[in-house]
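Chain letters run A, B, ... following the sequence lines, proteins first and then strands; every chain starts at 1.
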Amino acid sequence: MAITSIRGFKDILPDEVGKWQFAEATARRVFESYDFSEIRIPLLEKTELFTRGIGESTDIVEKEMYTFTDRSGISVTLRPEATASIVRAYIEKSMYKQNPVAKLYVIGPMFRYERPQKGRFRQFNQINAEVFGLEDPLIDVEVMVMLIHFLQEIGLEKLELQLNSLGCKACRPSYQERLKEFLLSNKGRFCADCQRRIRTNPLRIFDCKIESCKEIMGQGPLMLDFLGPECRDHFELVTSYLKALETPYVINAKMVRGLDYYVRTAFEMVSGDLGAQNAVAGGGRYDGLIVDLGGPEIPGIGFAIGMERLISLLSPDVGSQKIPHLFIATIGEKSRIQGFKLAKTLRLEGLSVEMGYEKKSLKSQMRRADKLACPYVLILGEEELQRGTAMLRDMRSKTQEQLDLTLAPEVLLRKMK
RNA sequence: GUGGGUGUAGCUCAGUUGGUUAGAGCACUGGGUUGUGGCCCCAGAGGUCGUGGGUUCGAGUCCCAUCACUCACCCCA
């Protein structure tokens, strides 16, 4: 029995890897134009980092983490998200002492033990961007604008920015109190799932697909109506700056975040083409997280882009396979070695060169060159070799010309570079 | 963790009420007179029919179990 990959872990094969490279390169270019710097952090952390950072009672911590004890007996976890690790590094290396503001991004895999489905995997890749040290609503907007900028550069224009405010430690409890009262007073009218959610995850009831639940929740209290004065000001400034930058958005007062640390601004980029998992990117503000993880009182905001979801939305032609500049076809052992040497010379000069390695017929080598879509084939045969020449065939025009072998590298480089 | 759908060649799929050596297209390999690609033609290679039981004279086809994939719920990027 051959060994297969683990459920929920996917190979990214050569014919789609171009899309990934394109997405990553575009993210680096765009983010750096906003003065973000890349940071690389471990995939494995002490389990406590996530239980404290993400929240003990979240689904991620309760049932989705890849946690095990290592050989020294400490509990470690494959990161289920990046923000906690970035914050840990930020605190551990005292980055805030050198610079009051840090703009960081991370590209890499996350791990969550969930049942796979469309757009959801156990190992999945994210691009994360985080800003530490700025509380002004202007930075909330800059982060969203940068995300949209990136998505436009990559060719995704039709995504919708959804915005909400989750309040803060001061105003959220009174809202939750009111929501609970409302839910309990209507308890008997909800579906079984929602009755359970009243206890486990009250905000999720807003997302219930059942018509009768939707109807009841239409009357339910919204966080936006319970924001304290500071949170309200913050939210209003965010929307007014978005308008100033002519960035369209829709307010989704029912939007919920799965991680405990989010406060105030929360946002998602949503697509209609992704099935049930419709968020390509999501983020928000997390002003208390750095303190929670043992650092100084420094605010933070950031987002994560789901790479697999992003890639699945790209049009098929982006990042298509590279084709070699030249194919070298040879006939006979002497010319095979001659061609091998020439390939090396040209590669050292930066050309991409493929050749017929096995002693196959010219026809077979030509077929392969054609399949690879090489624009030129250099034919090195016994006759040519005796004359000290080679035949260069232009595959598109079907014309060919003789080249002097000693001059061949020069001519080829000029033609193809 | 729960529910639905699907498992036949590398890929996309046929396979008649159960009946001989399981097929096609694409892809792959070789060839179509001496050293020239795409199109066309010919040939070849490639399958424990997901796996394990059962029913039957006989199972790709029927039954049971199991596994995998997939979609949805839960939840999230």
Side-chain angles (χ1 to χ4, degrees), chain A residues 1-2 4-8 10 13 15 54 57-64 79-83 108-129 147 191-194 196-197 200-201 203-204 207-210 255-259 262 267-271 274-284 302-313 327 329-332 335 356 358 360-385 390-400:
Chain A
M1 204 49 171
T4 58
S5 63
I6 300 171
R7 158 172 256 189
K10 300 291 174 203
L13 300 176
D15 52 334
I54 300 169
S57 63
T58 58
D59 269 31
I60 292 178
V61 170
E62 279 188 347
K63 51 185 194 188
E64 295 175 4
R79 65 182 185 197
E81 61 112 31
T83 305
M110 311 296 154
F111 304 85
R112 292 183 200 171
Y113 191 89
E114 300 180 86
R115 192 85 176 260
Q117 72 184 71
K118 188 180 175 71
R120 193 169 73 187
F121 311 96
R122 288 184 174 178
Q123 175 177 331
F124 60 101
N125 291 274
Q126 287 188 339
I127 303 175
N128 282 258
L147 173 57
C191 69
D193 273 344
C194 285
R196 180 177 46 77
R197 287 186 182 117
T200 59
N201 198 347
L203 288 169
R204 276 286 160 199
D207 291 339
C208 186
K209 269 104 191 162
I210 292 168
M255 185 167 70
V256 178
R257 303 270 71 197
L259 289 66
Y262 283 111
F267 57 94
E268 285 182 1
M269 298 300 301
V270 172
S271 162
L274 284 172
Q277 315 303 323
N278 64 354
V280 178
F303 62 77
I305 303 166
M307 291 282 280
E308 284 78 2
R309 294 178 189 180
L310 180 82
I311 299 291
S312 73
L313 292 173
F327 189 95
T330 64
I331 303 148
S335 50
E358 295 174 295
K360 291 197 169 178
S361 69
L362 184 59
K363 174 177 189 154
S364 153
Q365 295 183 66
M366 292 299 288
R367 275 188 175 159
R368 201 156 84 84
D370 186 59
K371 184 181 292 293
L372 296 172
C374 293
Y376 294 97
V377 176
L378 190 73
I379 301 167
L380 261 178
E382 281 140 350
E383 292 168 23
E384 284 88 350
L385 202 63
M391 193 67 85
L392 180 66
R393 180 170 177 83
D394 180 328
M395 296 292 274
R396 301 199 58 182
S397 68
K398 303 180 187 178
T399 57
Q400 49 193 41

S.K.: Under the 3.5 Å rule, do the base of B:rU36 and the side chain of A:Q400 count as making a donor-acceptor pair?
M.R.: yes

S.K.: side-chain contact (heavy atoms from CB on, under 4.5 Å) with A:E382: which residues, sequence neighbours excluded?
M.R.: A:I331

S.K.: Which whole number of Å gives the distance between the P atom of B:rA24 and that of B:rC42?
M.R.: 13 Å

S.K.: Polar pairs (N or O, both sides) under 3.5 Å between protein and nucleotides 6-13 of chain B?
M.R.:
none

S.K.: Hey, does A:A279 reach any base, or is it just sugar-phosphate, or nothing, if we go heavy atoms under 4.0 Å?
M.R.: sugar-phosphate

S.K.: Please list, chain by chain and in numerical order, all residues satisfying side-chain contact (heavy atoms from CB on, under 4.5 Å) with A:E384, sequence neighbours excluded.
M.R.: A:R387, A:T389, A:M391

S.K.: Could you list the residues that satisfy side-chain contact (heavy atoms from CB on, under 4.5 Å) with A:E268, not counting sequence neighbours?
M.R.: A:M255, A:R257, A:V270, A:A279

S.K.: Could you tell me whether A:T4 contacts a base, only the sugar-phosphate backbone, or nothing, with contacts defined as non-hydrogen atoms closer than 4.0 Å?
M.R.: nothing

S.K.: So, using side chain to side chain donor-acceptor pair (under 3.5 Å) as the criterion, who are the partners of A:K63 when residues are at least two apart?
M.R.: A:D59

S.K.: What does nucleotides 66-71 of chain B look like as a protein-contact string, B for base, S for sugar-phosphate only, - for none, at under 4.0 angstrom between heavy atoms?
M.R.: ---SSS

S.K.: Assuming nearest nucleotide by heavy-atom distance, tell me which of A:I305 and A:R120 is located more 5' along RNA chain B.
M.R.: A:R120

S.K.: Holding to side-chain contact (heavy atoms from CB on, under 4.5 Å), I want the full list of residues that pass it with A:L13, two or more places apart in sequence or in another chain.
M.R.: A:D11, A:D15, A:E16

S.K.: Please tabulate, one pair per line, each protein N/O and nucleotide N/O from nucleotides 38-40 of chain B that are separated by under 3.5 Å, including the distance.
M.R.:
{"residue": "B:rG38", "atom": "O4'", "partner": "A:D370", "partner atom": "OD2", "Å": "2.9"}
{"residue": "B:rG38", "atom": "O6", "partner": "A:K398", "partner atom": "NZ", "Å": "3.1"}

S.K.: Calculate the interatomic distance between A:E81 atom CD and B:rA77 atom P; express it in whole Å.
M.R.: 8 Å

S.K.: At 4.0 Å (heavy atoms only), tell me whether A:E62 reaches a base, stays on the sugar-phosphate, or touches nothing.
M.R.: nothing

S.K.: Please enumerate all residues that pass side chain to side chain donor-acceptor pair (under 3.5 Å) together with A:R204, with sequence neighbours excluded.
M.R.: A:D207

S.K.: Let me know the distance between CZ of A:R112 and P of B:rC74, rounded to the nearest Å.
M.R.: 17 Å

S.K.: When the C1' atoms of B:rG15 and B:rU21 are considered, how many whole Å apart are they?
M.R.: 16 Å

S.K.: Report the residues that fulfil side chain to side chain donor-acceptor pair (under 3.5 Å) with A:E383, sequence neighbours left out, ordered by chain and then residue number.
M.R.: none

S.K.: Which dot-bracket notation, 5' to 3', represents the base pairing of RNA chain B when pairs are defined as Watson-Crick or G-U with both distances under 3.5 Å, crossing pairs as [ ], and inter-strand pairs as |?
M.R.: (((((((..((((.....[...)))).(((((.......))))).....(((((..]....))))))))))))....

S.K.: Could you check whether A:E268 gets within reach of a base, just the sugar-phosphate, or nothing at all, counting any heavy atom under 4.0 Å?
M.R.: nothing

S.K.: Checking A:E64 now: which residues fulfil side chain to side chain donor-acceptor pair (under 3.5 Å) with it, not counting sequence neighbours?
M.R.: none

S.K.: Categorize A:E383 for me: base, sugar-phosphate, or nothing, with a 4.0 angstrom heavy-atom threshold over every strand shown.
M.R.: base

S.K.: Can you confirm whether A:N278 sits close enough to A:S271 that some side-chain heavy atom of one is under 4.5 Å from a side-chain heavy atom of the other?
M.R.: no

S.K.: Which one, B:rG30, B:rG35, B:rA77, comes nearest to the side chain of A:I331?
M.R.: B:rG35

